[in-house]
Amino acid sequence: MTLQRGRRTASRAFALLAFIFVAVAAAQTLPTPPKPRAIPAGAMAMWSAKLGAHPALAREPFFFLMMTSGVAVGGAGEIDTAYRDYVSRTQKIGVSVPILYLRTTKGAKGDWVFDPAFDLTRKCATRAVAEDNLDSVIAYAVEHGLRVQFILNGGIWSDASCETPQWDLTDHLEQDRMNCQWTQGDQVFPDAYLKDLNGSTASPELARSLTYNVYAKDVRRYKKRNLQAVSRRIAAFARKHPDLFVGVVLDADTYMNPFFRGTQAFDYNPGMLRQFREWLRGSGPYAGRPIDGAPDLRTYARAKPMTLADVNRVARAHWKTWNDVQPPRRLPGIIERLKPGETPIWDDPWYDLWDQFRRHIVDLHYDELSSWAHEAGIPRARIFSAQGLIHNDPELPPFAVRVLSHGPSYDSAGVSVEGAIPRDGHLGAILYGRTARNAITLGNGHSLFATIGRMDDGWAIVEYNNTDLKYPTKRPDYAMAYETFRDAFNYGAREVSAMAWNGSNGLFADQPGYVPYTSWRNTPAEDAMRDFLVSHADVPIGARLWTFGTPVHVDADGWSAERGKLVAGKGFATLTPDAGEVSLVSPSDQVIRPTHIGSLTMRFDGDAKPAKISVEAREGPDQPWRAIGTTTTGDLALAWPAAWRKPSAIVTQLRISLRFPQGRDPAMLSRVLLYPVAPSGRASP
């Protein structure tokens with residue numbers, strides 16, 4: 001079977017193109033939207049006293065960001081007021097806006113220097129060259145008191161609307177094929193070669209993309225210069241308006257071009273092949289002896305360098321010199337169909353090394369981007385990558401976890417979870433469909449969110465929609481969004497950026513032209529967000545909260561009863577004791593760091609409450625349960641075992657035993673909350 005990432009990724013092109021390059025949708029007469037449900041009395045204050053005891057926990061809030069464009073012409077209209085009643089000390093609203101730092105420039109006459117006041121009336125064919133410039137976005141944010149995240153895009157999407165080398169530095173650099181990614185046949189296609197890619201208002205130009213190898217001196221020099229120019233200006237804005245600055249997102253979809261749908265593989269640029277040979281043998285920059293503009297890459301050197309004899313043995317080749325060494329160019333099972341009895345290329349150890357190297361290149365590029373932005377003044381905690389972690393084919397293995405993992409049975413284009421974590425920032429995930437719902441298990445046996453939470457405490461969802469891109473016209477429901485928001489928060493994410501404020505409006509969901517994967521307003525996902533903002537009001541980042549659904553949604557949140565009975569309701573779970581006992585087990589595969597969590601709180605509605613609560617925890621499904629506390633109230637300061645009071649310790653599951661007075665009615669459990677350790681180091685009350 002011929003398998004490739006391109007088939008699973010190309011559909012996302014339509015969503016991104018609509019978001020980045022189509023300004024505010026044409027004016028329509030909207031039906032009157034239904035009013036949101038009234039916020040229950042006292043709901044926003046449920047956790048206020050708890051936070052009030054340690055207000056420093058609210059220093060870094062959780063964000064819902066509306067992805068939008070065309071801010072200067074109304075693209076962010078109403079965001080500052082639409083959710084005003086739902087904002088709390090720990091839950092905030094803002095925007096996420098693309099700034100094309102290689103496209104909004106002073107042009108050829110100005111050596112393509114970044115221009116924060118780029119003239120938005122400039123045209124590229126029938127389109128605007130860009131929908132936003134930095135100065136207008138900052139001015140709007142300040143005028144409206146609106147928090148803003150800047151999508152600093154100099155990657156494959158930044159020049160995809162149309163070619164304009166007069167202004168766009170990427171288009172200019174791509175005129176030299178040595179600056180581009182090459183195919184296994186040493187081809188570099190025209191940017192518009194994929195003009196028949198279906199689904200967007202006009203086909204994106206995705207066939208020609210810049211190479212990431214360290215010998216592409218002009219690419220690296222210009223990209224660093226412009227990224228640091230935009231970052232310095234944003235850093236100045238952040239110092240002046242710290243409450244309005246959310247962060248920066250770097251180069252969406254950094255990978256080897258996947259858009260040829262299994263007909264081509266990348267990147268065989270001569271500079272990339274030179275770097276591949278040096279990576280294998282541990283020479284040049286990997287030995288601390290960089291030349292020709294390459295950086296010092298000693299920290300990325302292989303643990304055991306290979307000799308030419310090693311390479312020939314693995315590749316089953318007879319190369320006489322290192323300059324003869326080539327990565328696989330015939331790719332059966334990925335590009336070519338498998339012949340009877342032929343081994344698929346992904347089971348070839350030589351291809352495995354090449355695929356590891358490509359993942360290393362993606363990892364290195366995100367590392368460098370983050371370091372350049374940080375050197376220009378952006379704090380590490382506010383820098384995010386933007387990697388597409390999308391997997392909508394259950395029959396296929398998911399993408400790799402580690403840079404040096406064995407790759408999946410298709411061209412995954414250099415993507416790995418580890419490689420998406422930048423050296424001077426955090427992982428920013430682009431999630432749709434199954435990955436947005438945390439519905440896949442990776443090769444390490446953990447879910448996607450559990451894997452990211454283990455590897456990067458502080459990650460973010462920088463682009464999100466629950467639509468399954470394998471079925472792009474099927475509209476996602478409320479439950480899908482509820483699961484995303486619950487799990488993102490409970491696995492340590494810092495934000496969810498929704499696609500897209502100026503996309504399709506849910507009021508037109510039954511009409512032709514409605515696009516679910518760019519829709520947000522008046523959708524079930526927006527309803528789920530409002531309910532999340534209420535249930536999590538004044539709940540700080542780092543907490544873990546299970547609400548057992550919402551007033552309109554039944555969900556046990558993965559909890560079950562080992563003894564007694566648990567029946568999920570709408571925003572509660574009914575507990576029926578067995579001889580006065582109920583034993584509850586949390587969902588497995590959690591990422592709970594004992595050094596971060598200080599207390600547990602349970603809330604019950606009605607008169608039936610337990611007389612005693614005992615809590616146990618374990619590090620894994622085959623590990624023993626260990627007692628961590630007992631209480632006669634709903635609040636318990638946790639006494640973690642000494643062996644777990646270290647940063648590397650992770651608890652994956654809880655068991656809560658409840659003893660009820662005999663003869664009581666079933667109890668209604670409405671909340672289980674794990675609360676973070678207060679800044680003083682003491683458990684919060």
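Note that CD of E368 and CD of E375 are 9.5 Å apart. Values are rounded to the nearest 0.5 Å. Rounding to the nearest 0.5 Å gives a distance of 10.5 Å between CD1 of I378 and CD of Q228. One distance of note links CZ of R298 with OH of Y286; it measures 13.5 Å at 0.5 Å rounding. Rounded to the nearest 0.5 Å, atoms CD (Q275) and OH (Y215) are 6.5 Å apart. The CD1 atom of I461 sits 8.5 Å away from the CD atom of E495 when rounded to the nearest 0.5 Å. Note that the CZ atom of R177 and the CG atom of N269 stand 9.0 Å from one another [nearest 0.5 Å].
You'll find the side chain of L250 stays beyond 4.5 Å of the side chain of P422, heavy atoms only. Residues R382 and E60 have side chains in contact (heavy-atom distance under 4.5 Å, counting atoms from C-beta outward). The closest side-chain heavy-atom distance from L431 to F449 is below 4.5 Å. Between V113 and R225 there is a side-chain heavy-atom pair separated by less than 4.5 Å. When side chains are defined from C-beta on, S161 does not count as touching E131, because their heavy atoms never get closer than 4.5 Å. Side-chain contact between M256 and I361 is present, with heavy atoms from C-beta onward closer than 4.5 Å. Annotation: side chain of F114 is in contact with side chain of T104 (closest heavy-atom distance under 4.5 Å). Side-chain contact between P397 and S409 is present, with at least one heavy-atom pair separated by less than 4.5 Å.
Residues L369 and Y101 approach most closely at CD2-OH, 4.1 Å, considering heavy atoms. Across G282 and A287, no two heavy atoms sit closer than the pair O-CB, 3.3 Å. Annotation for L65 and V95: closest pair CD2-N, 3.9 Å, computed over non-hydrogen atoms. The minimum heavy-atom distance linking W346 with H406 is given by the pair O-CE1, 3.0 Å. Between V314 and L353, the shortest heavy-atom distance links the atoms CG1-CD1, 4.0 Å. The shortest heavy-atom contact between V591 and A450 is CG2-O, 3.5 Å.
With respect to D251 and K223, a salt bridge is recorded, a charged nitrogen being found less than 4.0 Å from a carboxylate O. Checked for salt-bridge contact, R233 and D135 meet the test: a charged N lies under 4.0 Å from a carboxylate O. Salt bridge present: R358 and D411 bring a charged side-chain N and a carboxylate O closer than 4.0 Å.
Taking the six-membered ring where the residue is Trp, F276 and W350 present tilted rings, their angle falling between 30° and 60°. Ring geometry for Y255 versus F259: interplanar angle over 60°, hence perpendicular rather than tilted (30 to 60°). H365 and W372 have perpendicular rings, their planes meeting at more than 60° on a 0 to 90° scale where under 30° would count as parallel. By the 30° and 60° cut-offs, the orientation of the rings of W167 relative to F118 is perpendicular.
Checked against a 6.0 Å centroid threshold, the rings of Y491 and H446 do not count as neighbours. With ring centers used as reference points, W354 lies under 6.0 Å from F357.
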- Message: Could you walk me through whether W157 and D253 satisfy the side-chain hydrogen bond (donor to acceptor under 3.5 Å, both in side chains) test, starting with their C-alpha distance in whole Å, then the side-chain angles of each, then the deciding distance to 0.1 Å, before giving a yes or no?
- Response: CA-CA 8 Å; W157 290 102; D253 293 332; 2.9 Å; yes

- Before giving the answer on side-chain hydrogen bond (donor to acceptor under 3.5 Å, both in side chains), spell out for D363 and Y300 the whole-Å C-alpha distance, their side-chain angles and the decisive distance to 0.1 Å. CA-CA 10 Å; D363 176 42; Y300 298 90; 5.4 Å; no

- Could you give me the CA-CA distance, side-chain angles and deciding distance for E463 and Y432, then say whether side-chain hydrogen bond (donor to acceptor under 3.5 Å, both in side chains) is met? CA-CA 8 Å; E463 181 182 325; Y432 286 74; 2.6 Å; yes

- When you look at R103 and S158, which way does the side-chain hydrogen bond (donor to acceptor under 3.5 Å, both in side chains) test go after all the steps? CA-CA 7 Å; R103 191 172 180 89; S158 66; over 6 Å; no

